[in-house]
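Side chains included, hydrogens not; waters and symmetry mates left out as well; all remaining heavy atoms used.
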Amino acid sequence: MPSVAVKLYSVFFKLLLKHRLQNLISISADGLSDSFGVSTRSDESVAAANPSFTDGVATKDIHIDPMTSLTVRIFLPESALSPSEPDSLKLHHRDNYQHQPRSDRRHSHGSLNQNSPPNESRRNSYGCNIENLEPYGGYAPSPKRNSRKLPVMLQFHGGGWVSGSSDSAANDFFCRRIAKVCDVIVLAVGYRLAPDNRYPAAFEDGVKVLHWLGKQANLADCCKCVGNRRVNGVELKKLSVQGQIVDAFGASMVEPWLAAHADPSRCVLLGVSCGGNIADYVARKAVEAGKLLEPVKVVAQVLMYPFFIGNNPTQSEIKLANSYFYDKPVSVLAWKLFLPEKEFNFDHPAANPLAHNRTGPPLKLMPPTLTVVAEHDWMRDRAIAYAEELRKVNVDSPVLEYKDAVHEFATLDMLLKTPQAQACAEDIAIWVKKYISIRGHEFSY
């Protein structure tokens, strides 16, 4: 069972969340909405972006859509600055990899050793000089050095559609952890929140970020060969000094961190709670788009306790309806704020991935899917059922179920530093590396 501290915190959390939802319901009753929207609430604790590698990860925020509040926070691990390891060293790491049993989860897959040497003056923890600094002290890639390319992970935060953000203190901590243990560049998506923007705004924002990533990759390639020309009525110029493409106003159109270090052909989606619903939608759209998304390729997705629900209640929805933190009554309020009034239905495609009216590609075309569930979460059965349906059509879709765990046990601010939360991140890393590692150097699973 969860500890007494978790139980007490859950009581206050639900009271506060219910009060917030009721206030939002009263505010949204006027029917007014703004397409620009909001991607963070003023009463939430946020972590400022830090473009230097003070703790092994540099971050920056980018507003990618001038017509909406859609933003992304980039998490660049310091490992991106290291030169590519020789094959012999990679094989040595692989041979030394050992499985270690854990008692805080039902399915044990070992842990990753993330210890690294302490930072040296003007050098990163990999011994590489950090000679390129922006005027504000942030990291800037060197055009003279062949940079290491890392996979990209799009992360969608939780918060019941109405709260949470890509730059919240809890999400910032979680994404830093994931960036380091998975050795990936994390793009935390600050999608528009409800009820300011109801369905399908958050889902469309997720797809928009995926297309933006592809655009960045194409623009980075253009930097290598394009001269002065016009594209879609916008004059582009290649600056020989900076090696960047700028628009007519002189603003860079290429994100330098992604241009130097991102490999979009190894893209993973990770969704937390309601973010899992968004990730699954984005995965379906990626399958539909196919080669039109190139060079972006979604190779896997991770659904962490997805916010699934349906008209016909499952056993866990009946037995655990009043469970910890996001209980079913509170979650129903969140769905009422997210779905348009005329579309409110628990078998809505956004709510139930196995609903009869589900559209999109057949399940057999979905990418490999890891599902994380908690023992004391009323949403667990439907997430497990979805994974089982994927397995029936030969999609790799394991389920990790954690004992004595609650909804958002690995991402909630109070629980982020627990051994179970760290173990979950390591388990995710082990599975994800099957699909993002360079061929021939995959971790065993």
Review point. Under 4.5 Å between any side-chain heavy atoms of Asp167 and Thr40, yes or no?
Key: yes
Exercise for review: Enumerate the residue pairs fulfilling side-chain hydrogen bond (donor to acceptor under 3.5 Å, both in side chains) with a member in residues 296-318, sequence neighbours excluded, ordered by first and then second residue.
Suggested key: Asp280-Gln301, Gln301-Thr369, Tyr305-Thr411, Asn311-Asn345, Asn311-Asp347, Thr314-Ser316, Ser316-Asp381, Glu317-Arg382
Study note, to complete from the structure: Heavy atoms of Leu193 and Ser39 approach each other most closely as CD1-C, 3.9 Å
Check your understanding: Would a 4.5 Å heavy-atom cut-off, applied to side chains only, mark Leu303 and Val372 as touching?
Key -> no
Side-chain polar contacts of residues 169-177 - donor-acceptor pairs under 3.5 angstrom, sequence neighbours left out - could you list them?
residue: Asn171; atom: OD1; partner: Gln155; partner atom: NE2; Å: 2.8
residue: Asn171; atom: ND2; partner: Gln155; partner atom: OE1; Å: 3.3
residue: Asn171; atom: ND2; partner: Ser166; partner atom: O; Å: 3.3
residue: Asp172; atom: OD1; partner: Arg73; partner atom: NH1; Å: 2.9
residue: Asp172; atom: OD2; partner: Arg176; partner atom: NE; Å: 2.8
residue: Arg176; atom: NH1; partner: Asp55; partner atom: OD1; Å: 2.7
residue: Arg176; atom: NH1; partner: Asp55; partner atom: OD2; Å: 3.3
residue: Arg176; atom: NH1; partner: Val57; partner atom: O; Å: 2.9
residue: Arg177; atom: NE; partner: Gln422; partner atom: OE1; Å: 3.0
residue: Arg177; atom: NH1; partner: Leu416; partner atom: O; Å: 2.8
residue: Arg177; atom: NH2; partner: Leu416; partner atom: O; Å: 3.0
residue: Arg177; atom: NH2; partner: Gln422; partner atom: OE1; Å: 3.4

Study note, to complete from the structure: In this structure, CG of Leu292 is separated from NE2 of His211 (nearest 0.5 Å) by 8.5 Å
**Study point:** Pair Tyr199, Asn277: side-chain N/O donor-acceptor within cut-off below 3.5 Å
**Key:** no
Review point. Between Thr71 and Asp61, do the side chains contain an N or O donor and an N or O acceptor separated by less than 3.5 Å?
Key: no
Practice item. Please test Thr59 against Asn50 for side-chain hydrogen bond (donor to acceptor under 3.5 Å, both in side chains), starting from the C-alpha separation and ending with a verdict. Key: CA-CA 5 Å; Thr59 61; Asn50 186 349; over 6 Å; no
Practice item. Please check if any side-chain donor atom of Tyr9 sits under 3.5 Å from a side-chain acceptor atom of Asp413, or the reverse. Key: yes
Check your understanding: So does Asp377 pair up with Arg380, basic N to acidic O under 4.0 Å?
Key -> no
Point to revise | Of all pairs that satisfy side-chain hydrogen bond (donor to acceptor under 3.5 Å, both in side chains), the ones with a partner from residues 319-335, not counting sequence neighbours | key: Lys14-Asp327
Check your understanding: How many angstroms lie between CZ in Phe409 and NE2 in His376, if you round to the nearest 0.5 Å?
Key -> 11.5 Å
**Study point:** Tyr402 vs Glu375 side-chain heavy atoms within contact, under 4.5 Å
**Key:** no
**Study point:** No-hydrogen, no-angle side-chain donor-acceptor test under 3.5 Å, Asp396 and Tyr435
**Key:** yes
Check your understanding: Does Glu44 pair with Arg20 as a salt bridge, N-O distance under 4.0 Å?
Key -> yes
Point to revise | Basic-acidic side-chain contact under 4.0 Å: Arg198, Glu343 | key: no
Exercise for review: Please tell me if the side chains of Leu150 and Pro77 come closer than 4.5 Å, counting only heavy atoms from C-beta onward.
Suggested key: yes
